[in-house]
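Structure first, then comments.
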Amino acid sequence: MENKKIYDLIIIGGGPAGMMMSITAAKDGASVLLLEKNTELGKKLKITGGGRCNITNKELDNKKFLENFGNSKKFLFSPFAKFSVKDTLTFFEKNNLPLTVEARNRVFPKSQKATDVFKTLEKIMRNNGVKILTNQQVIKIKKIDSSNGKNILDSVKTKSGETFFGKNFAIATGGVAHSETGSTGDGFKFLERLGHTIKKPNPNIVPLKTDSEILHKISGTSWSFCKIRFIQNKKTEISKKGKILFTHFGLSAPLILNSSYEVRNLLKNGVVEASIDLFPDTEEPELDRKLWRLFEKNQTKKLKNVLPELLQKKLAEAILEYFPKELSNKQINEVSKEERKKIVKKMKNLTMQIIDTLGLNKAVIADGGLILNEVNFSNMSSKLYPNLYVLGDVLNINRPSGGFSLQLCWTTGYVAGKDITIKKHETKI
Ligand SMILES: Cc1cc2nc3c(=O)[nH]c(=O)nc-3n(C[C@H](O)[C@H](O)[C@H](O)COP(=O)(O)OP(=O)(O)OC[C@H]3O[C@@H](n4cnc5c(N)ncnc54)[C@H](O)[C@@H]3O)c2cc1C
C-alpha cells in the first residue's frame with residue numbers, strides 16, 4: 001500500500017497570515033503544505049496600500065498600538081508580546097526589504113511596491129521548503145474523534161478531488177472584503193460546520209455614498225484638512241478632522257474610511273447627515289474677514305475667478321453651484337455682504353446625506369468573523385480543536401486603516417507557526 005504523506009501543518013489560504021505562519025513553522029523544520037485556491041498567492045496583499053503595501057504602523061509600544069483594536073485589545077496582548085511591530089520591522093529588514101516610515105507612523109517598503117513584500121515572503125517560503133499548491137480550493141475539513149475524546153482534524157479535501165492529510169491545520173482564508181481577491185468567506189463556513197460561532201460580516205474601512213450631486217461632480221478633488229460631523233436627529237454623533245476625498249459616489253480618504261464603522265451603525269437607526277467644515281481652525285467671522293480682504297484686492301474680477309484663491313478651483317466651483325448661477329459671474333464689487341456671508345457659511349457647512357457604505361467589495365476589511373472567546377490567543381488555536389489554528393482576517397477584530405490589519409496577520413501567523421515548533425519539541429507531533 002502506498003504510504004500517505006502526513007504534513008505537520010496544512011494551511012488553507014495563501015494571504016499574508018498564511019504565508020507568515022508557513023514561514024515560521026517551516027523554518028523550525030515542520031513539513032508545511034499551503035493550499036491556495038487562486039492561481040497565485042497574496043492577491044489581496046499585492047493591492048494593499050494602493051499597491052504600495054502599508055506593512056505595519058510604527059507604534060513600538062504594544063499598549064499604545066493595541067489601543068487601535070477597541071474591545072479586541074485584551075485578547076491581543078498575549079500574541080503581541082510574542083511578535084510585535086518591532087519584530088515585524090526586524091523580520092522584513094533582515095530579509096532584505098528596506099522599509100520607510102511615512103505620516104501617521106505608516107510603514108511601507110522603501111521600493112513602494114507591495115509586490116516586493118510578496119516576493120520577500122514567497123522567497124522565504126520556498127527557501128524553507130514550504131510546499132505551495134495553487135488552484136487548490138479546499139471544500140471540506142474532516143474531523144475525527146481521537147482516543148482521548150477531543151475533537152481533532154485529520155484531512156482536507158479540495159475541489160479537484162484530492163485529499164491531504166495533516167497533524168495540524170490553519171484556516172487563513174481571510175474575510176469577505178474585496179471577494180475578487182479570493183476572500184469569499186469560505187473559512188467562516190468551515191468554522192461554522194465545525195461548531196464555531198461566526199459574527200455576520202459587514203463592510204468596514206469603506207467609502208461612503210452620499211446624495212450630493214454637486215460634490216459628485218468634483219470627483220477626484222481632495223482637501224487636506226477639514227472637519228466632518230455625522231449628524232442624526234440633529235445631534236452630532238461623530239466628529240473628526242483630516243483629509244477628505246470627493247468621489248463620483250461620495251466620500252473617501254482615511255478620515256472617512258475610519259469613520260465608516262460608526263456611520264454604518266448610525267445608518268441602522270435612521271437618516272445620517274454629514275456636514276463638512278472646510279476651514280475647521282478658522283471661526284466664521286475670521287473666515288469672513290479673510291474673504292473680505294481677498295475681495296478688496298480683486299474688486300473688478302469675477303467671483304468665480306477669485307474664490308479659487310481661497311479654495312481649489314473645482315471646490316470653489318462646487319461651492320458656487322449651491323447659489324443662483326448669476327452669482328459666480330458677478331464682479332466682486334457687485335457681491336453683497338449677505339452673499340459673501342452665505343459663501344462663508346457654505347464653506348463652513350457643506351451638507352449632504354449619507355446613503356450607505358460602498359459595500360463589501362470596496363471595503364478594506366469586514367468586521368465580523370470568528371468570535372474571539374472561541375480562540376486560544378496564547379497560540380492562536382481553536383478552543384474546540386487543539387490542532388486547528390485561526391489567523392488574520394478570519395477573526396472578528398475591528399481596527400482602523402494604517403497598517404494595523406497586516407500587523408495582525410504577521411503577529412497571528414507567527415504565533416500560530418511557533419506553536420507548531422513547540423508541539424514538535426514536545427513530540428506531540
Ligand atoms: C484594497 C485593500 C487595501 C488594503 N491595504 C492595506 C494596507 O495597506 N495595510 C494593511 O494593514 N491592510 C490593508 N488591507 C487589509 C489587508 O489586506 C487584509 O487584512 C489582509 O490581506 C488579510 O490577510 P489574510 O491572510 O487574513 O487574508 P487574505 O489576504 O484575504 O488571504 C486569504 C487567502 O485565502 C485564499 N482562500 C480563501 N478560501 C480558500 C479556500 N477554500 N481554499 C484555498 N484558499 C482559499 C484566498 O484566495 C486568499 O488568497 C487592505 C485591504 C484591501 C482590500
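Numbering of ligands and ligand atoms starts at 1, following listing order. Side-chain atoms are counted along with the backbone in the values below, which use heavy atoms only and exclude waters and symmetry mates.
Checking side-chain atoms of Asn258 against main-chain N and O of Ser401 turns up a donor-acceptor pair under 3.5 Å.
In this pair, Phe80 and Phe65 present their aromatic rings tilted. The plane angle is within the 30 to 60° band.
Salt bridge present: Glu321 and Lys217 bring a charged side-chain N and a carboxylate O closer than 4.0 Å. In summary, Lys234 and Glu273 do not engage in a salt bridge, as defined by a charged side-chain N under 4.0 Å from a carboxylate O.
Those atoms of ligand 1 that come under 4.0 Å of a heavy atom in Asn38, given as number and element, are 47 (O). Within the listing of ligand 1, atoms 43 (C), 44 (N) sit less than 4.0 angstrom from a heavy atom of Leu35. Against a heavy-atom cut-off of under 4.0 Å, Gln137 is close to the following atoms of ligand 1: 41 (N), 42 (N). Atom numbering of ligand 1 starts at 1 in the shown order; those under 4.0 Å from a heavy atom of Gly392 are 26 (O). The Arg399 neighbourhood of ligand 1 comprises atoms 19 (O), with distances under 4.0 Å to a heavy atom of that residue. Of all atoms in ligand 1, numbered sequentially from 1 with element shown, those under 4.0 Å from a heavy atom of Gln136 are 42 (N), 43 (C). Distances below 4.0 Å separate heavy atoms of Thr181 from the following atoms of ligand 1: 47 (O). Applying the 4.0 Å criterion to heavy atoms of Ile47 picks out, from ligand 1, the atoms 1 (C), 3 (C).
Counting non-hydrogen atoms of neighbouring residues, nucleotides and ligands closer than 6.0 angstrom, the NZ atom of Lys94 reaches no more than 12 such neighbours. Other residues, nucleotides and ligands contribute more than 12 heavy atoms inside 6.0 Å of the CG atom of Asp281.
For the residues Leu408, Ile397, Thr173, the heavy atom positioned nearest atom 39 (C) of ligand 1 is part of Thr173. Considering Asp393, Val117, Asn57, Leu34 only, the shortest heavy-atom separation from atom 18 (C) of ligand 1 involves Asp393. For atom 12 (N) of ligand 1, the nearest non-hydrogen atom from the set Ala177, Gly413, Ser405 comes from Ser405. Scanning Ser183, Pro16, Ala172, Gly182 for the heavy atom closest to atom 32 (C) of ligand 1 points to Ala172. In this comparison of Ile205, Val364, Val394, Thr412, the heavy atom closest to atom 14 (N) of ligand 1 sits on Val364.
Using 4.0 Å as the threshold, Gly402 has no heavy atom nearer than that to any atom of ligand 1. For the pair Cys409 and ligand 1, a heavy-atom separation below 4.0 Å is found. Between Lys46 and ligand 1 there is no heavy-atom distance shorter than 4.0 Å. Remark: distances from the non-hydrogen atoms of Leu45 to ligand 1 are all 4.0 Å or more.
Counting only heavy atoms of the protein, atom 9 (N) of ligand 1 lies nearest to Asn54 O, 3.0 Å. The shortest contact between atom 27 (O) of ligand 1 and any protein heavy atom is with Gly174 CA, 3.3 Å. For atom 8 (O) of ligand 1, the nearest protein heavy atom (residue, atom name, distance) is Gly49 N, 2.9 Å. Nearest non-hydrogen protein atom to atom 31 (O) of ligand 1 is Gly15 CA, 3.4 Å. Residue, atom and distance of the protein heavy atom nearest to atom 34 (O) of ligand 1 are Gly13 CA, 3.2 Å. The protein atom (non-hydrogen) at minimum distance from atom 25 (O) of ligand 1 is Ala17 N, 3.0 Å.
Phe279 and Trp223 have their aromatic ring centers within a separation under 6.0 angstrom.
At a heavy-atom distance under 4.0 Å, no atom of Ile55 approaches ligand 1. Here Ala363 has backbone heavy atoms under 4.0 Å from ligand 1, and that is the only part of it that gets that close. At a heavy-atom cutoff of 4.0 Å, ligand 1 is contacted by the side chain of Lys44 but not by its backbone. Proximity of Asp186 to ligand 1, defined as any heavy-atom pair under 4.0 Å, is confined to the side chain (atoms from C-beta onward). If you look at Ile12 next to ligand 1, the close heavy atoms, those under 4.0 Å, all belong to the side chain. With a 4.0 Å cut-off on non-hydrogen atoms, Lys140 does not touch ligand 1 at all.
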### Task
Test Asp277 against Asn349 for side-chain contact (heavy atoms from CB on, under 4.5 Å), laying out the working first.
CA-CA 5 Å; Asp277 180 350; Asn349 185 25; over 6 Å; no
### Task
Take Met347 and Glu284, measure what side-chain contact (heavy atoms from CB on, under 4.5 Å) needs, and give me the verdict at the end.
CA-CA 9 Å; Met347 294 192 293; Glu284 214 172 288; over 6 Å; no
### Task
Apply side chain to side chain donor-acceptor pair (under 3.5 Å) to Asp87 and Ser84, showing your working.
CA-CA 5 Å; Asp87 296 312; Ser84 64; 3.2 Å; yes
### Message
The test is side chain to side chain donor-acceptor pair (under 3.5 Å); show your working for Thr88 and Gln407 and say whether it passes.
### Response
CA-CA 8 Å; Thr88 300; Gln407 182 58 52; 2.8 Å; yes
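Annotation: side chain of Ile343 is in contact with side chain of Leu291 (closest heavy-atom distance under 4.5 Å). A heavy-atom distance below 4.5 Å is found between the side chains of Glu67 and Lys73. Contact check for Lys189 versus Ile198: no side-chain heavy atoms found under the 4.5 Å cut-off. Counting heavy atoms from C-beta outward, Leu391 and Leu395 have side chains that stay 4.5 Å or more apart. For the pair Ser382/Tyr389, no side-chain contact is recorded, criterion being any heavy-atom separation below 4.5 Å from C-beta on. For the pair Asp154/Lys143, no side-chain contact is recorded, criterion being any heavy-atom separation below 4.5 Å from C-beta on.
For Lys5 and Tyr7, the positive end sits near the middle of the six-membered ring, less than 6.0 Å away and at most 45° from its axis. For Arg399 and Phe404, the positive end is not near the middle of the six-membered ring at less than 6.0 Å and at most 45° from its axis. Judged by the 6.0 Å distance and 45° axis criteria, Lys346 is positioned over the aromatic ring of Tyr322.
For a threshold of 3.5 Å applied to N or O pairs, the pair formed by Glu36 and ligand 1 contains at least one separation below that value. No N or O atom of Lys43 sits closer than 3.5 Å to an N or O atom of ligand 1. Checked by distance only, ligand 1 and Val138 come closer than 3.5 Å through their nitrogen or oxygen atoms. For the pair His178 and ligand 1, the shortest N or O to N or O distance does not fall below 3.5 Å. Checked against a 3.5 angstrom limit, the closest N/O atoms of Thr48 and ligand 1 fall outside it. Considering backbone and side-chain atoms together, Phe190 places no N or O closer than 3.5 Å to any N or O of ligand 1. Below 3.5 Å of separation, one finds an N or O of Leu406 facing an N or O of ligand 1. For the pair Lys37 and ligand 1, the shortest N or O to N or O distance falls below 3.5 Å.
Between Ile228 and Leu255 the shortest heavy-atom distance is CG2-CD2, 3.8 Å.
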